[in-house]
S.K.: 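Sharing a structure below in structure tokens format, with a few things to ask.
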Amino acid sequence: MTEALSAEGLTKRYGRRAALSDCSLAVPAGRVVGLVGPNGAGKSTLLQLACGLLDPTSGRIEVLGERPVSGSPRVGFVAQDTPVYAGLTVAEHLRMGAHVNPSWDAEFAERRIAQTGLDPAQRAGKLSGGQRAQLALTVAAAKQPDLLLLDEPVASLDPLARRTFLRGLMELTADRGTSVVMSSHLVADLERVCDYLIVLVASQVRVAGEVDDLLAGHHRLVGRRRDPAGLGAGIAVVEQSHTEVQSTLIVRSTAPIDDPSWQVDRLDLEDIVLAYMSESAPQWVLEGQR
Amino acid sequence: MIWLTWRQFRAPLLSVAAVLLVLVAALAFTWARVSDLAGSTGFTGCRAAACETAAQSFLAAVSSETAGWLYYVAIGVVLALPVLLGIFWGAPLAARELETGTYRLIFTQSVSRRRWLLVKLLIGGGAAALCTGLVSLVLTGWAAVIDEAEGNRINPLIFMARGIVPIAFAALAFVVGVTAGLLLRRTVAAMAVTLLVVAALQVAVPLVLPRLLAQPVTSVAALDLNAPFGLSVDLSTKEAHVDIDADMPDAWILSATVVTSSGAEFRARADPACLPSEDMGGFSEACRTWLAAQNLRQKVTYVPGSRFWALQWREFGVLIAVTLGLSWFALWWIRRRLT
């Protein structure tokens, strides 16, 4: 399987400030990949490097097996705050798309605009945040890219617009099998659409893997206070907290936990992500098993 | 890409074109009147000596009519147009996209940044050249007879508002605006810098370029002491120096000096008769006689009016070469340095 995106030692600096430093990761193709992390983790920088809007200061990045260049017909991008031309109408945006993309699917674009209830004659500057995001997604998708990069596309939307947008995205990927990489700092949004998750903290991948594997492989253990070092092979501690009498651990384990002195709870995706994002998460838990 | 450029550019283009068409129409309507005046004052077809007075009465007649102020308005428009096009067409072209973030929309379509800029430069720069060229060439035709009467078509200020030089200047100003926008990434800052740079060019170019390109002619003739001249004497060193005001029709005079028979500029210890006297009654006869005995010549360096089109083409060529160089830089920058 070729990789949608791979990076090695990728660094982007602005003067002395590093927006992304020494980032290495691999994103599988054919998936809807969620990229989560706190603000400033380098998600936006990584996505803009991937679509060629930025050039790396050092390191290597490959997208669909090639060095990314802006203007590639194979990669679509919806930027944070979903920029559109305020003076152009919705229909004119589609016309623009048809003029600047040889692989433009006009029929799809018009159908999607009709489905999302946008008025083709409306100026894009008058659209609400959610409508603008829908328009930007339509333009990026009608280009028929092999990889669609979405930078926090739902961050500014209200919950209803968010749901509509994500449903639109799911229909799209179901139809075409496009690879998608979508960043967010809200796990709930990603949980709904993503089947693969990458947690990026301070330019480093904390965990990456299939959503189902992550859910099956992580547990919360609650029991009397003890040293987590004696847990045994195949169990890695992600987060731990202790009181006088009780220890609470979040662990990653390939095998079922059968020690009866632990109370074992399932975790939802948000718990897992927060555990990896929290300060006490050890640095050495990296690539997930696939 | 062409469609998008046209769609984004049509409003500013059409509004400028509308204003310019009004001016061109006004010139067209007064064209016949200017020719009539030239005929009725006897300037058209005048012969040698009669020409000077005929020209004066023709110019006086024109200045009292609509054509009189239209002449200055049109010169003002042709001189201001490059600056305005640079500020309002050139500067926002890239700066607005970078400022509002829409560059992330257009640069992630299937069009390379270089192609995007190339199309924008060609269409915008072409339109700037076309609009300015239309007004400049119509004005050059309309004012031809006035320029002939004034005999100042080769004068740097008038020269800048005639023929094809404004075309090259408009193209240059547009590219200056685009490049400023690319480098500064902010519309208002780019507009301000464009204003400063183009205004500075508009002052510097007439001062410098014609001197470098014109290959001026130098003529030396005996000094005519009956024509007006000025004699200055340094009171401490008693050194005398003669200034002349060379008046040559249809020529741009670069320098006029008084030289001795050896060719050096005349500076000599003044005869006592030439020292300023109590009565301030002008030169004494004795002083004139002394000056005449110095065997003085006047040396005039000038650009004859007949060089007009040759100089136009040369200046056009230089400005277009600078425009192309700056465009190349902008295309390189957007590809290599914008990120």
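Just so it is clear: chains get the letters A, B, ... in the order the sequence lines come, proteins before strands, and each one is counted from 1.
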S.K.: For A:Arg60, look at atom CZ and say whether over 12 heavy atoms of other residues, nucleotides or ligands are found less than 6.0 Å away.
M.R.: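 More than 12 heavy atoms, drawn from other residues, nucleotides or ligands, come within 6.0 Å of this atom.
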S.K.: Heavy-atom pairs under 4.5 Å with chain A - which of B:Phe107, B:Tyr103, B:Trp116 has more of them than the others?
M.R.: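 The answer is B:Phe107.
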S.K.: What parts of residues 73-84 of chain A touch chain B if we use heavy atoms and a cut-off under 4.5 Å?
M.R.: A:Pro73, A:Val75, A:Phe77, A:Ala79, A:Gln80, A:Asp81, A:Pro83, A:Val84
S.K.: Hey, could you give me the CZ/OG distance between B:Arg114 and A:Ser70, rounded to the nearest 0.5 Å?
M.R.: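 If we round to the nearest 0.5 Å, B:Arg114:CZ and A:Ser70:OG are 11.0 Å apart.
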S.K.: Sort A:Leu88 into side chain, backbone, both or neither according to what part of it lies under 4.5 angstrom from a heavy atom of chain B.
M.R.: both
S.K.: Answer yes or no: does atom CZ of A:Arg176 have more than 12 heavy-atom neighbours from other residues, nucleotides or ligands under 6.0 Å?
M.R.: yes
S.K.: Tell me if the CZ atom of B:Arg314 is crowded by more than 12 foreign heavy atoms within 6.0 Å.
M.R.: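 More than 12 heavy atoms, drawn from other residues, nucleotides or ligands, come within 6.0 Å of this atom.
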S.K.: Determine the option with the most heavy-atom pairs under 4.5 angstrom with chain A, choosing from B:Glu97, B:Arg96, B:Arg104.
M.R.: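 It is B:Arg104.
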S.K.: Quick check: are there more than 12 heavy atoms from other residues, nucleotides or ligands sitting under 6.0 Å from CG of B:Leu207?
M.R.: yes
S.K.: To the nearest 0.5 angstrom, please state how far the CE atom of A:Met96 sits from the CH2 atom of B:Trp3.
M.R.: 8.0 Å
S.K.: Quick one: CG on B:Leu4 to CD on A:Glu92, what's the gap to the nearest 0.5 Å?
M.R.: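 Reported to 0.5 Å precision, the distance equals 10.0 Å.
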S.K.: Scan the side chains in residues 316-332 of chain B for donor-acceptor partners under 3.5 Å anywhere in the protein, sequence neighbours excluded, and list what turns up.
M.R.:
residue: B:Thr323; atom: OG1; partner: B:Leu319; partner atom: O; Å: 2.7
residue: B:Ser327; atom: OG; partner: B:Thr323; partner atom: O; Å: 2.8

S.K.: Sequence neighbours left out, cut at 3.5 Å: what donor-acceptor pairs do the side chains of residues 11-18 of chain B make with other protein atoms?
M.R.:
residue: B:Ser15; atom: OG; partner: B:Ala11; partner atom: O; Å: 3.0
residue: B:Ser15; atom: OG; partner: B:Pro12; partner atom: O; Å: 3.0

S.K.: Within residues 97-111 of chain A, which positions have a heavy-atom distance to chain B below 4.5 Å?
M.R.: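 From residues 97-111 of chain A, the residues near chain B are A:His99, A:Val100, A:Asn101, A:Pro102.
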S.K.: Evaluate side chain to side chain contact (heavy atoms under 4.5 Å, CB included) for A:Asp55 paired with B:Arg336, printing each intermediate quantity in order.
M.R.: CA-CA 9 Å; A:Asp55 282 341; B:Arg336 296 278 163 209; over 6 Å; no
S.K.: Can you find a pair of side-chain heavy atoms, one from B:Ile106 and one from A:Tyr85, that are under 4.5 Å apart?
M.R.: yes
